[in-house]
Protein chains: 2
Amino acid sequence: MPDAGPIPSQRLASFVAGALESRGVPLADARTVADLMVEADIQGYGTHGVFRLRQYLARLAGGGCNPAPRIGVDRETVATALIDGDNGLGHLAMAAARDLAIEKARAVGIGWVGVRRGNHAGPLALYVRPQAEAGLLGMAAAVGSANHLPPWGGSDLLLGTNPIAFSAPVEGPDPFVFDMATTVAAMGKIKTLAQQGLLMPEGWMIGRDGQPLTDPARRGDGFLLPIGGAKGYGLSVAIGLLAGLLNGAAFGSDVVDFTTDTTSETNTGQFVAALDPAAFGLGDDFAEAAARVFAEFRASPPLPGHDPVRLPGDGRTARAEARRRDGLMLNPALRRDLNVLAGDCGIDPPFPGEGG
Amino acid sequence: MPDAGPIPSQRLASFVAGALESRGVPLADARTVADLMVEADIQGYGTHGVFRLRQYLARLAGGGCNPAPRIGVDRETVATALIDGDNGLGHLAMAAARDLAIEKARAVGIGWVGVRRGNHAGPLALYVRPQAEAGLLGMAAAVGSANHLPPWGGSDLLLGTNPIAFSAPVEGPDPFVFDMATTVAAMGKIKTLAQQGLLMPEGWMIGRDGQPLTDPARRGDGFLLPIGGAKGYGLSVAIGLLAGLLNGAAFGSDVVDFTTDTTSETNTGQFVAALDPAAFGLGDDFAEAAARVFAEFRASPPLPGHDPVRLPGDGRTARAEARRRDGLMLNPALRRDLNVLAGDCGIDPPFPGEGG
């Protein structure tokens, strides 16, 4: 009988690490990346977790990504650093940036660490939630790993979804963890609608004719739209400058589409920051004060037709604990794909007895 | 004959300083604030410049704002500081925060300075553009000076427009200066429309009945809408945490509506940051690289019906220089209002021979 139930997170991580190792990634790095990829699924960021293994393996095989990078600190002050990811798997440089930012924040109140020559690193939440769990505030941003939209009013693909994330400690089960793309919709959602034969709402994409585009099958003929029109555009440019250009990383036409190009170095740029409340007004009382304000928010009566008010991050801790305990339910297409990848890598399939 | 032409910026600043002095603000502080208020008009932020004088005078007269604050640094590291604005005019604490952030960025790559017990300080652009002019990147945010929207899906006014601003040096006439509210519209713009008797477009506000609200005079009956729906909500909360709570400043129900309350301390929270490219990848080449990417953006052919692509900040330098040279054209309602305020303060009217 095929095992169609949940897969224990540690078994999934071992499989991912084995697949990465088969492509030349040293064991310790393979484990670090695999654990972060599985953690993304555990935290509920399924589009940015193990689902991305196929892309990462293709770029390792194609030479676009360095399997055995030496992550180094290029420049450093007590409060800032620039990490060179040596074109390795993006998680390695970003995990190092996160840890260094936390260390610096504890020493001098803030740590701001830029990354150049990185790669796609999964959801930014991986690089801000630990700050909140350590009693710090976190911030991170990235230049998107492919350009999906033009500058506002233009027609050349020069901007990515350029996500930004924030975190903060809150007394209670859930820290504040907010991770958003600066576009209205993510390309992944649009591909899913196309598979299901459904239309997009107006406002997700615009055609090259300047008119709303609602057929997801025609996504290649149009552009993603930034949130708030020109405001989301400005925010996206600001992220491109802070996460990309400042670090000597790609922004604009230099951005390599990592979903189609398996051979070129992307020079992905990101930053991770941490702030220590002890250096500011509320000090150790921050988490308590945040819980008080958030309680006011949750107590606000919902508008007709709306669910009760939530804060970004609400409920994630309990759902993550359940997945850690009970295993991860991956969808059938992903299970098949991981079995196929196991065959490609010459390792045991993660879902023996199922197709692939 | 009434003088209906432009008013020289220095004459306007002298009038504003005189009005503030008449309410007990010491001369040096009055000049600092007046210069920044007029600079806001020069830079094209008319809703956040001299237009705000009436509010500031009312809060000084009502005791809600301290005319003679002692701006102090409460906590400090090499990279961070917390400034106590002593409930003075907000420009004083924010100008101090900006200067300190720049100083720290030059020393250790980044400066992040929080403000507590501040007040409305005009447009954030005043506190990020100087970084760009000095070759640094700038960032600033504020908890809005009144709550105009509920948490997403809720019905209690617990969030303000919580603006955020970014700047960066760019080779050429205009630095990157981007200053946005996290709402679709800023309350200042809505007040200007009300003053001019014009309607708002749909999508700026909704009424408590959930219907579009377009009469700016009825703004008290509804809510501002965040950009990108739940995304703008999350961003606004993140700003509330970083600019407000972290500094021990107001956020949530603690926020005092400074437009209607002239007697209570607001404890407005803000932060200003600066980053020195020399501490990161591109160093001194940052401005040149930004100009190269921005040139790509501007060269992107416009979509049908769109103007040529612009970057936030484009054209502001030339327009500011023209206003500095030729004087400021204030609208008739504002000219009359300033004349009325002159009468209230017992000083010469800025527009002699006109009504007021």
Side-chain angles (χ1 to χ4, degrees), chain A residues 74-75 77-80 82 108-110 112 114 116 137 150-156 158 166 168 176 178 180 184 209-210 227-228 231-232 234-235 237-238 241-242 245-249 251-253 275 277 279-282 286 289-290 293 296-297 300-304 306-307 309 311-312, chain B residues 74-75 77-80 82 108-110 112 114 116 137 150-156 158 166 168 176 178 180 184 210 227-228 231-232 234-235 237-238 241-242 245-249 251-253 275 277 279-282 286 289-290 293 296-297 300-307 309 311-312:
Chain A
D74 266 11
R75 300 191 188 195
T77 74
V78 290
T80 68
L82 173 70
V108 296
I110 190 168
W112 182 293
R116 72 188 205 94
L137 286 84
W152 186 243
S155 55
D156 295 313
L158 290 166
F166 300 90
F176 175 78
F178 175 60
M180 75 168 207
V184 175
D209 54 3
I227 60 167
K231 290 190 178 188
L235 193 55
V237 175
L241 297 173
L242 284 164
L245 226 54
L246 180 63
N247 302 324
F251 180 43
S253 64
L275 290 112
F280 296 91
L282 281 188
F286 180 90
V293 173
E296 292 179 357
F297 279 36
S300 181
L303 289 176
H306 275 263
D307 291 331
V309 168
L311 273 297
Chain B
D74 265 13
R75 300 191 189 195
T77 74
V78 290
T80 67
L82 173 70
V108 295
I110 191 169
W112 181 294
R116 72 187 206 94
L137 286 85
W152 187 244
S155 55
D156 294 313
L158 289 166
F166 300 89
F176 175 78
F178 175 60
M180 73 167 208
V184 176
I227 60 167
K231 290 190 178 189
L235 193 55
V237 175
L241 297 174
L242 283 164
L245 226 53
L246 180 63
N247 302 324
F251 180 43
S253 64
L275 289 113
F280 295 91
L282 282 186
F286 180 90
V293 173
E296 292 179 356
F297 279 37
S300 181
L303 288 176
H306 274 264
D307 292 331
V309 168
L311 272 298

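Values reported hereafter were calculated over all heavy atoms of this structure, with side chains retained and with hydrogens, waters and symmetry mates removed. Protein chains get the first letters and strands the later ones, always in sequence-line order, with residue 1 at the start of each.
For chain A, the nearby parts of B/Phe297 are the backbone and the side chain; heavy atoms of each come within less than 4.5 Å. Heavy atoms of B/Phe251 lying under 4.5 Å from chain A belong to its backbone as well as its side chain. With a threshold of 4.5 angstrom between heavy atoms, B/Asn247 approaches chain A through its backbone and through its side chain. Of the atoms belonging to B/Ala168, it is side-chain heavy atoms, and not backbone ones, that fall under 4.5 Å from chain A. In this structure, chain B has a heavy atom under 4.5 Å from the side chain of A/Leu137, while its backbone stays farther away.
A heavy-atom distance below 4.5 Å is not found between the side chains of B/Val108 and A/Val108. Considering only heavy atoms from C-beta on, B/Leu241 comes within 4.5 Å of A/Phe176 through its side chain. Between A/Leu275 and B/Trp112 there is a side-chain heavy-atom pair separated by less than 4.5 Å.
Atom CD of B/Glu296 sits about 5.5 Å away from atom CG of A/Leu158, to the nearest 0.5 Å. Atom CG of B/Leu311 and atom CH2 of A/Trp152 lie 14.5 Å apart (nearest 0.5 Å). Expressed to the nearest 0.5 Å, how far CZ of A/Phe280 lies from CG of B/Leu245 amounts to 13.0 Å.
Top candidate by heavy-atom pairs under 4.5 Å with chain B, chosen from A/Leu82, A/Val309, A/Leu246, is A/Leu246. With respect to chain B, the highest number of heavy-atom pairs below 4.5 Å among A/Val237, A/Val184, A/Asp307 belongs to A/Val237. Heavy-atom pairs under 4.5 Å with chain A were tallied for B/Gly153, B/Gly228, B/Pro150; the largest tally goes to B/Gly153. Ranked by heavy-atom pairs shorter than 4.5 Å toward chain B, the options A/Pro277, A/Ala238, A/Ala249, A/Pro302 are led by A/Ala238. In terms of heavy-atom pairs under 4.5 Å with chain B, the best-connected choice from A/Gly210, A/Pro301, A/Pro312 is A/Pro301. Of all the listed residues (A/Ala289, A/Ser253, A/Ala290, A/Pro304), the one sharing the greatest number of non-hydrogen pairs under 4.5 Å with chain B is A/Ser253. Of the listed residues (B/Ala79, B/Gly248, B/Gly234), the one with the most heavy-atom contacts under 4.5 Å to chain A is B/Gly234. Most heavy-atom pairs under 4.5 Å with chain A, from the set B/Gly232, B/Gly109, B/Gly154: that is B/Gly154. Per-residue heavy-atom pair counts under 4.5 Å with chain B were compared for A/Leu242, A/Asp74, A/Leu282, and the maximum is reached by A/Leu282.
Pairing each heavy atom of B/Val293 with each of A/Gly252, the nearest pair is CG1-CA, 4.3 Å. Residues B/Lys231 and A/Ile227 come closest through the heavy atom pair CD-CG2, 3.8 Å.
For the side-chain contact (heavy atoms from CB on, under 4.5 Å) test, residues two or more places apart in sequence or in another chain that qualify with B/Leu303 are A/Ser155, A/Ile206, A/Phe223, B/His306. Taking the side-chain hydrogen bond (donor to acceptor under 3.5 Å, both in side chains) definition, one finds that A/Thr77 meets it with A/Thr80, sequence neighbours left out.
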